[in-house]
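Below, read A as the first sequence line, B as the second, and so on, with proteins coming before strands; counting in each chain starts at 1.
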There are 2 protein chains.
Amino acid sequence: MQPKADKRFGEPARDKGLARLIDVARAAGVSRSTASNVFNNPDLVRPNLRQRVEAAARDLGYLGPDPKGRLLRAGKFNAIAVMPPSDWGIVDSLRNPVFNLFLRGVGEACDSIGANLVIISDGTGVDGIRNALVDGFIFGRVEHLREIEPARLRRLPFAVVDFDPGPGVGSVRADAHAGGYAAAKHLLDLGHRRFGVLSFLRQRSTARFHPAGLPRGPEAVGMPTDQEKYRGYADALAEAGIDIADVPMVQADPWDKSAASMLLDAAPRATAFLSMAVMQAMELVAEARRRGRSVPGDLSVVGYNDIPEAARFDPPITTVDGMVVEKGRVAARLVFAGGPPRHEILQPQLIIRGSTGPAPA
Amino acid sequence: MQPKADKRFGEPARDKGLARLIDVARAAGVSRSTASNVFNNPDLVRPNLRQRVEAAARDLGYLGPDPKGRLLRAGKFNAIAVMPPSDWGIVDSLRNPVFNLFLRGVGEACDSIGANLVIISDGTGVDGIRNALVDGFIFGRVEHLREIEPARLRRLPFAVVDFDPGPGVGSVRADAHAGGYAAAKHLLDLGHRRFGVLSFLRQRSTARFHPAGLPRGPEAVGMPTDQEKYRGYADALAEAGIDIADVPMVQADPWDKSAASMLLDAAPRATAFLSMAVMQAMELVAEARRRGRSVPGDLSVVGYNDIPEAARFDPPITTVDGMVVEKGRVAARLVFAGGPPRHEILQPQLIIRGSTGPAPA
DNA sequence: GTTTCATTTCGGATCGATCCAAGTATATTT
DNA sequence: AAATATACTTGGATCGATCCGAAATGAAAC
């Protein structure tokens, strides 16, 4: 993904025939400081001098102070970096609809203060962090402390999402347990008692079917947040006397289209499905309909995270708003705010739409 | 959109208690150059010295050369800027599904050479261009030459999309005429003879219905590319003896949901619809179905541009692949390549899916 | 016509690093 | 052991601007 950016050095402005501030100053017969002021504090310079400098600048084709030099003094980049998850590139970040939501949140905060948004190519690579020309970092998804170590060493403000790296670092997360709980509770309230679960796989591989619940160990249900969702499901089901270990589950990569099909085969009598991803939920609904089962008549599906497409889907998908946009906003604010690191926890909201209905009699 | 980013200057590293290269060098009892080499050309430094410098760096908590200083010498940012269309912010760029496609193309090129992608907040503002810490610019959508003038003055490589600013500037565009032509031709080949057109409005306002074709003047059919699509439609229809001036058209903002409804009312007998936006096409299909008309049985719809959602839609939308991702790729390559400005023209492809079928008998 | 005070202008120092020509230590050859 | 080749190190210059205290200018006051 990164054949080490070409290191040929840019030529100095002089050699390119470009005017520098000092050239303008000389041409106008004033000092560098005065010329600088013409561009940055015009009020301090008397009109006649100012005009002379401006004329000189025009003649030399000088547009204004070079950001490089200015930057060196100012020490501020007016930009914030988003680090894509470990093994992603820029494209993956842009393509993933949920991450896109997150970027939007960050972008909103950037827009509001006029800062630029930088997506780092070399994700969590040390070089990417060391050389990024930004005032702070946002880590889109982190699994290990060591991924954020270089940022801490650079002593730039940064924030981490969906991962609590301890007291020294700002972080935002959504209460995925509450989100999962709400999703399952909704289906229970509608009278459903036979469930199926669609979950992420941590590593890329083909879909797997688990006839009886959660295999043990950390690798089990995807990312830590997915494990929280799972426990949220489990707790809600438990209240209705259902042991989630008895609920069939398919684990699959989001791109794996066979997952929906596999789950419907595996849980032929289930009427309620909990999906940890809204894309998988849509795929499940589509597959169910292809098989002639009506949604939400015969079966109900709840997704997780709310992308715009879910609302346009036929039927519109009932899903949990995982507060992803808000997460981006908050993360950016944590970085811009400076100050002592804070930890924010957001509350997901269930959004009831058309993919869920009463359990069939 | 931009309350002028806070200009407080970052403090010098010294004052923050941060070590600089020179501090490390002093602590290790070597020259700055040698210390620099330890980080950049370790092979040049004998092991014992190197270890001394590394130890000193560790003791002082120095991670490596500060990108600011390095940058000043190197003159290269290893980043490329995307300028959102004039009145957009970062959020708008990320939200718009077609622009997102474009960003992906740019991102792909960035990933391949390990460069960062910067989305500029102050779109075409002069300051945004003047101060951006990037090696080149890509203008996502430009309507006036003056918008790119600051970039030209900065003498950084840049490329423009869907707009031909003349020989001096690199540009990429898709042949929208060909795309429009292909869309209309496809419907004609299927036997359709009664059409309706759904087009963009240039300015935000409520949907407008044009019972008889294109009003004159440049403001007529949205952006210049849309005018090309329109002429593409017109030329294809003309070959079948249909004057596009007789085809009902609704112009609307993409977000305006009333447009689909308005067009169906206005063209009750039409069986074929040409939409300049794929989102509008989906909305039109949805509305038609809501009215009990089958797609593609009773009527056919062709969109323009291919977003992933279109393929997942029920029915999958027949649309023109406007080569948006490729546009992004090419634009980025034009910028990275340097050399004399080139002008690339891409050929759109019709993608036949489920929203079009034979005209009803 | 000085003196006083506010307004402009100036030049040296600085931001943090890298390049480069020149100098010094080490290794090799004879 | 001296001469030469090679491998490391070094300090000065530089990248392009801004800051800041001091100097110069101009206006107002006496």
Side-chain angles (χ1 to χ4, degrees), chain A residues 7-26 28-53 57 60 62-77 130-131 133 154-156, chain B residues 7-26 28-53 57 60 62-77 130-131 133 154-156:
Chain A
K7 272 214 174 181
R8 259 175 322 149
F9 286 105
E11 310 153 83
R14 252 208 323 287
D15 304 353
K16 280 196 288 193
L18 284 187
R20 296 161 299 164
L21 184 62
I22 194 174
D23 300 319
V24 173
R26 273 204 272 264
V30 301
S31 74
R32 307 184 319 279
S33 314
T34 302
S36 173
N37 280 332
V38 167
F39 293 101
N40 297 301
N41 308 80
D43 307 343
L44 291 183
V45 182
R46 235 170 296 178
N48 58 336
L49 258 198
R50 183 166 63 216
Q51 280 156 22
R52 221 161 77 209
V53 172
L60 296 174
Y62 182 80
L63 179 70
D66 183 314
K68 283 199 293 297
R70 163 176 287 173
L71 168 70
L72 182 57
R73 275 237 48 113
K76 212 169 142 284
F77 299 92
R130 275 210 336 213
N131 294 326
L133 303 165
R154 213 177 134 183
R155 307 211 199 165
L156 244 30
Chain B
K7 272 211 169 179
R8 262 174 320 146
F9 286 106
E11 308 153 84
R14 247 208 328 285
D15 304 352
K16 280 196 290 192
L18 284 185
R20 298 159 300 165
L21 184 62
I22 194 173
D23 301 319
V24 174
R26 271 204 274 262
V30 301
S31 72
R32 307 182 321 277
S33 314
T34 300
S36 172
N37 278 334
V38 169
F39 293 100
N40 298 299
N41 308 80
D43 308 343
L44 291 184
V45 182
R46 233 171 296 177
N48 57 338
L49 258 199
R50 183 166 63 217
Q51 280 155 23
R52 222 162 74 210
V53 172
L60 297 173
Y62 182 81
L63 179 70
D66 183 315
K68 285 198 292 296
R70 164 177 286 170
L71 167 72
L72 181 59
R73 274 232 55 106
K76 212 168 142 284
F77 299 91
R130 276 207 338 210
N131 294 326
L133 302 165
R154 212 175 137 184
R155 309 214 197 162
L156 244 31

**Q** Write out a two-atom table: protein N or O, nucleotide N or O from nucleotides 9-13 of chain D, distance below 3.5 Å.
**A**
unit_1  : atom_1 : unit_2   : atom_2 : d
dT9(D)  : OP2    : Arg46(B) : N      : 3.4
dT10(D) : OP2    : Ser31(B) : N      : 3.0
dT10(D) : OP2    : Ser31(B) : OG     : 3.3
dT10(D) : OP2    : Thr34(B) : OG1    : 2.8
dG11(D) : N7     : Ser33(B) : OG     : 3.2
dG11(D) : O6     : Ser33(B) : OG     : 2.4
dG12(D) : N7     : Arg32(B) : NH2    : 3.2
dG12(D) : O6     : Arg32(B) : NH2    : 2.7
dA13(D) : N6     : Arg32(B) : NH2    : 3.0

**Q** Nearest 0.5 Å, please: how far is CG in Leu72(B) from CZ in Arg73(A)?
**A**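 One gets 12.0 Å once the value is rounded to the nearest 0.5 Å.
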**Q** In whole angstrom, give the distance that lies between atom CG of Leu21(A) and atom P of dG11(C).
**A**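 Nearest whole value for this atom pair: 14 Å.
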**Q** To the nearest angstrom, how far is Leu71(A) atom CG from dT14(C) atom C1'?
**A**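 In whole Å, dT14(C) C1' and Leu71(A) CG are 14 Å from each other.
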**Q** Are any non-hydrogen side-chain atoms of Arg70(B) and Asn131(A) less than 4.5 angstrom apart?
**A**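 The answer is yes; the side chains approach within 4.5 Å.
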**Q** Find the distance Arg52(A):CZ to dT9(C):C1' and express it as a whole number of Å.
**A**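 That distance rounds to 11 Å.
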**Q** Would you kindly give the CG-to-C1' distance between Leu72(B) and dG16(D), to the nearest whole Å?
**A**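 Taking CG of Leu72(B) and C1' of dG16(D), I get 6 Å after rounding.
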**Q** Would you check if Thr34(A) and Leu49(A) make a side-chain contact, meaning some heavy-atom pair closer than 4.5 Å?
**A**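 Answer yes - side chains close enough.
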**Q** Please give the angle, rounded to 10 degrees, between the axes at the start and the end of the helix from dG1(C)-dC30(D) to dT30(C)-dA1(D), where five pairs define each axis.
**A**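 Computed from the C1' atoms at both ends, the axes differ by 40°.
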**Q** Within this structure, what is the CZ-to-C1' distance between Phe77(A) and dC15(C), rounded to whole angstrom?
**A**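 Nearest whole value for this atom pair: 12 Å.
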**Q** What's the shortest heavy-atom distance between Val53(A) and Ala35(A), and which atoms?
**A**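 Scanning both residues, the minimum pair turns out to be CG1-CA, 4.2 Å.
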**Q** Nearest whole Å is fine: how far is dC15(D) C1' from Ile22(A) CD1?
**A**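 Result: 12 Å.
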**Q** Take atom CG of Leu133(B) and atom C1' of dG16(D), then tell me their distance rounded to the nearest Å.
**A**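 That distance rounds to 13 Å.
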**Q** Give a yes/no answer on whether the side chain of Arg70(A) brings an N or O atom under 4.0 Å of OP1 or OP2 in dG16(D).
**A**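 No, Arg70(A) has no side-chain N/O under 4.0 Å of OP1/OP2 on dG16(D).
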**Q** For a quick test of reading the model, state the closest non-hydrogen atom pair linking Pro65(B) to Asn40(B) and the distance between them.
**A**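 Looks like CG-ND2, 4.2 Å.
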**Q** Closest-nucleotide mapping onto DNA chain C: is Gly69(B) or Asn41(B) further toward the 5' terminus? I mean the 5' end.
**A**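 It is Gly69(B) whose nearest nucleotide is closer to the 5' end.
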**Q** Name all residues meeting the side-chain hydrogen bond (donor to acceptor under 3.5 Å, both in side chains) criterion together with Ser33(B); count only those two or more places apart in sequence or in a different chain, and write none if there are none.
**A**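 Listed in chain order: nothing, the list is empty.
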**Q** Taking OP1 and OP2 of dG16(C), is either one under 4.0 Å from a side-chain nitrogen or oxygen of Tyr62(B)?
**A**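 No, no such contact exists.
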**Q** Hey, could you give me the CZ/CG distance between Arg46(B) and Asn37(B), rounded to the nearest 0.5 Å?
**A**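 Here the interatomic distance stands at 13.0 Å.
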**Q** Atom CG of Leu21(A) and atom CZ of Arg32(A): how far apart are they, to the nearest 0.5 Å?
**A**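 It comes to 8.5 Å.
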**Q** Please tell me if the side chains of Phe77(B) and Leu133(A) come closer than 4.5 Å, counting only heavy atoms from C-beta onward.
**A**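 Yes; the side chains approach each other to less than 4.5 Å.
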**Q** Can you tell me the distance, in whole Å, between the CG atom of Asn40(B) and the P atom of dC19(C)?
**A**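 So the two atoms are 7 Å apart, to the nearest Å.
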**Q** Base, sugar-phosphate alone, or nothing: which one does Phe39(A) contact when heavy atoms must sit under 4.0 Å apart?
**A**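 Touches nothing.
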